[in-house]
Amino acid sequence: MPNTPESIATRPDPGRWKALVFIALAQLMVVLDSTIVNIALPSAQTDLGISDGNRQWVITAYALTFGGLLLFGGRIADLWGRKRTFVVGLIGFAAASALGGAANGEAMMFGSRALQGAFGALLAPAALSLLAVTFTDARERAKAFGIYGAIAGAGGAVGLVLGGFLTEYLDWRWTFFVNIPFAVIAAVGAYLFVREPAGGRNRAALDVPGVVLSTLGLVALVYGFTRAESEGWSDSGTVGMFAGSALLLLAFVLVEARVKSPLLPLRVLTDRNRGGVYLSLGLAVIGMFGLFLFLTYYLQVVKGYTPLRTGFAFLPMAGGMIVGSTQIGVRLMTRVRPRLLMASGFFAAAVGMLLLTRLEIGSSYAALIMPAQLLLGLGMGTAFMPAMSLATLGVDPKDAGVASAMVNTSQQVGGAIGTALLNTIAASATTAYLTGHAAGATTPEARGMLRLQGMVEGYTSAIWWAVGILAAAAVIAFVLIDAGRPGSGAGEVAGSGADTDAEVKVPVVAH
């Protein structure tokens, strides 16, 4: 074919698969950081003299800035350019990680975690939107998002293994320092191989009121759920945070409907396919946190596993996610409607979670926990891959950054809700069980067994809720999402509105 302007315009970037390697590496770093620090927290708390009351801020400082700034980060990616935002996010994340590893007190630790969250809010939407505008062929898009989805899903479990190893055999500080080589390699690779389609930037003036309202609203929402976990749902501060968040986010929606250049164009949300992905994915993350949260405590406290052994115990789920994303999801995405893949994946995950409701003090890892993890991992991996792809499919290239940020926002808010809600349910069930059986525990051994049994009762009660939430995610995906198979032609993204043809051609790539 001659090198006409038309043929060049539709020619895919020859370095796109190399670019995928470095985009995926950056995503792995961000996902690893969400769990790797949890394993190191007890050791860091002792070394830095952080009180029990303040230790939650090692997690909360990251969650607040990451969740609160995601929409802003997505808009910056659209404004600055996704490659530039991606590289800046990597460099900043590496610097913040170095600061955390060198922390000499709680103030320095909390500050480094807040900075990690801020640069992560730049990095995460830039990475996903780069994939969205780089891979437009249906089959190639399926493969690329399969790899991305596997990393997004399994990275947390890998983080538990790596965190356990570094903490147990080196020092907790290495759970921060390990980010630096990841970030440097990804930044160099991005500079050399990542290309961004020309004409994809949104150079409209920044919607400052939208930035302020969305950031404050999301920070209040995430902090409300975090506070609920420690202070209770009826605490006046918790209620105030939720009320303030509702008012701020309502004001944000009203502003976005009126301004000329909104931070979050409402067309991104009102599309039924993207809306269905955001809602079902957020619910699924709530349910998945039931596994991470309670199984970690069950294995370490009830079964007596070391941190490293606990990390390895999560590998079946990581393997299931990789297989679900890169094999099942990729092979079926161009043959099966996305809603069928997502609904069946979430349902399979719900069945895996259902197995864990049978947990007892003496439950066998090989006979119960490992099969449950495999099924949950396969299901979530199968569902994550089309979800990640569909969330940005058909969106105007100028909105790709903010659409990608909404995927991360739904997961971040879902994680905050899952941690607070399920932990509260578990704590209430444990208290009720201990109160009802305390009279029969008359010896130290009996009281010790009662405590462990009470913990298991609490975990299984919360896991039942997680089962229902995953089932709800499956129903929502099946009902709301009506997109056709990628590459199926007419009606591929039914109901997507005027922007469904935004990815028919790939613009000339710009260095």
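Excluded from the calculations below are hydrogen atoms, water molecules and symmetry mates; all remaining heavy atoms, backbone and side chain alike, are included.
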*With rounding to the nearest 0.5 Å, note down the distance linking CG in Leu122 to CZ in Arg75.*
13.5 Å
_Phe347, CZ: over 12 other non-hydrogen atoms inside 6.0 angstrom_ = no
*Is the side chain of Ser245 donor-acceptor paired with the backbone N or O of Gly217 at a distance under 3.5 Å, no angle test?*
yes
*Do you know the tightest heavy-atom contact between Glu106 and Gly49?*
OE1-O, 4.3 Å
*Pairwise distance CG(Asn423) to OH(Tyr459) - rounded to 0.5 angstrom*: 9.0 Å
*Return yes if some donor-acceptor pair links the side-chain N/O of Tyr62 with the main-chain N/O of Ala118 below 3.5 Å, else return no.*
no
*asked:* Assess the residue pair Gln116 and Asn179 against the criterion (side-chain contact (heavy atoms from CB on, under 4.5 Å)); give the C-alpha distance rounded to whole Å, side-chain angles, the decisive distance to 0.1 Å, and a yes or no.
replied: CA-CA 11 Å; Gln116 278 187 316; Asn179 291 326; 3.5 Å; yes
*Could you state the interatomic distance from CZ (Arg113) to CE (Met108), rounded to the nearest 0.5 Å?*
14.5 Å
*Note, Tyr298 side chain near Ser363 side chain (heavy atom, < 4.5 Å)*: yes
*For Thr85 and Ile76, work out which heavy atoms get closest and say how close.*
OG1-O, 3.6 Å
*Anything under 30° is parallel, anything over 60° is perpendicular, the rest tilted; go ahead and classify His437 against Tyr433.*
parallel
*asked:* Once salt bridge (charged side-chain N to carboxylate O under 4.0 Å, His left out) is applied, what residue pairs with a partner in residues 116-135 remain, sequence neighbours excluded?
replied: none
_Do Arg82 and Phe86 form a cation-pi contact, if we require the NZ or CZ to be under 6.0 Å from the six-membered ring centre and within 45 degrees of the ring's axis?_
no
*Check whether any side-chain heavy atom of Phe119 lies under 4.5 Å from a side-chain heavy atom of Leu90, and answer yes or no.*
no
*Within the side chain of Thr65, is there an N or O that forms a donor-acceptor pair under 3.5 Å with the backbone of Ala114?*
yes
*asked:* For a quick test of reading the model, state the closest non-hydrogen atom pair linking Ala190 to Lys83 and the distance between them.
replied: O-CE, 3.3 Å
*asked:* For Phe312, is the CZ atom crowded, meaning more than 12 foreign heavy atoms sit under 6.0 Å from it?
replied: no
*Hey, are the side chains of Trp233 and Phe225 touching, using non-hydrogen atoms and a 4.5 Å cut-off?*
yes
*Atom CG of Leu354 and atom CG of Leu376: how far apart are they, to the nearest 0.5 Å?*
11.5 Å
*May I ask you to check whether over 12 heavy atoms, not counting those of Arg447, lie within 6.0 Å of atom CZ?*
yes
*How far apart are the C-alpha atoms of Leu192 and Phe22, what are their side-chain angles, what is the distance that settles it, and do they pass the side-chain contact (heavy atoms from CB on, under 4.5 Å) test?*
CA-CA 10 Å; Leu192 294 175; Phe22 300 104; over 6 Å; no
*asked:* I need the minimum non-hydrogen distance between Leu341 and Thr382, along with the two atoms involved.
replied: CD2-CG2, 3.7 Å
*Does Asp171 use its side chain to pair, donor to acceptor, with the backbone of Trp174 at less than 3.5 Å?*
no
*Yes or no on side-chain contact (heavy atoms from CB on, under 4.5 Å) for Leu378 and Gln327, after CA distance, side-chain angles and deciding distance?*
CA-CA 10 Å; Leu378 285 170; Gln327 299 302 314; over 6 Å; no
*Taking the side chain as every heavy atom from C-beta outward, state whether Ser461 and Phe294 have any atom pair closer than 4.5 Å.*
no
*Of the non-hydrogen atoms in Leu115 and Ala96, which two are nearest, and what is the gap between them?*
CB-CB, 3.7 Å
*Measure the spacing between CG of Leu283 and OH of Tyr278 and express it to the nearest 0.5 Å.*
15.0 Å
_Ser112 to Phe176 - nearest heavy-atom pair and separation_ = OG-CE2, 4.5 Å
_Distance, nearest 0.5 Å, that separates CD1 of Ile91 from CG of Leu123_ = 11.0 Å
*Are Met288 and Leu470 close enough that some pair of their side-chain heavy atoms sits under 4.5 Å apart?*
no
*asked:* Between Trp172 and Gln45, is there a side-chain heavy-atom distance shorter than 4.5 Å?
replied: no
*In terms of side-chain heavy atoms, does Thr430 have a donor or acceptor partner in Glu457 at a distance below 3.5 Å?*
no
*May I ask you to test the Leu264-Met406 pair for a side-chain heavy-atom distance under 4.5 Å?*
yes
_Less than 4.5 Å apart, side chain to side chain, heavy atoms only: is that true for Phe72 and Ser214?_
no
*asked:* Tell me whether Tyr365 contacts the main-chain N or O of Ala313 through its side chain, where contact means a donor paired with an acceptor under 3.5 Å.
replied: yes
_I need the full list of side-chain hydrogen bond (donor to acceptor under 3.5 Å, both in side chains) pairs touching residues 463-472, with sequence neighbours left out, sorted by first then second residue._
none
*Side-chain donor/acceptor of Arg173 to backbone N/O of Ala103, under 3.5 Å*: yes
*Applying side-chain contact (heavy atoms from CB on, under 4.5 Å), run through Thr460 and Leu356 and close with a yes or a no.*
CA-CA 7 Å; Thr460 54; Leu356 291 175; over 6 Å; no
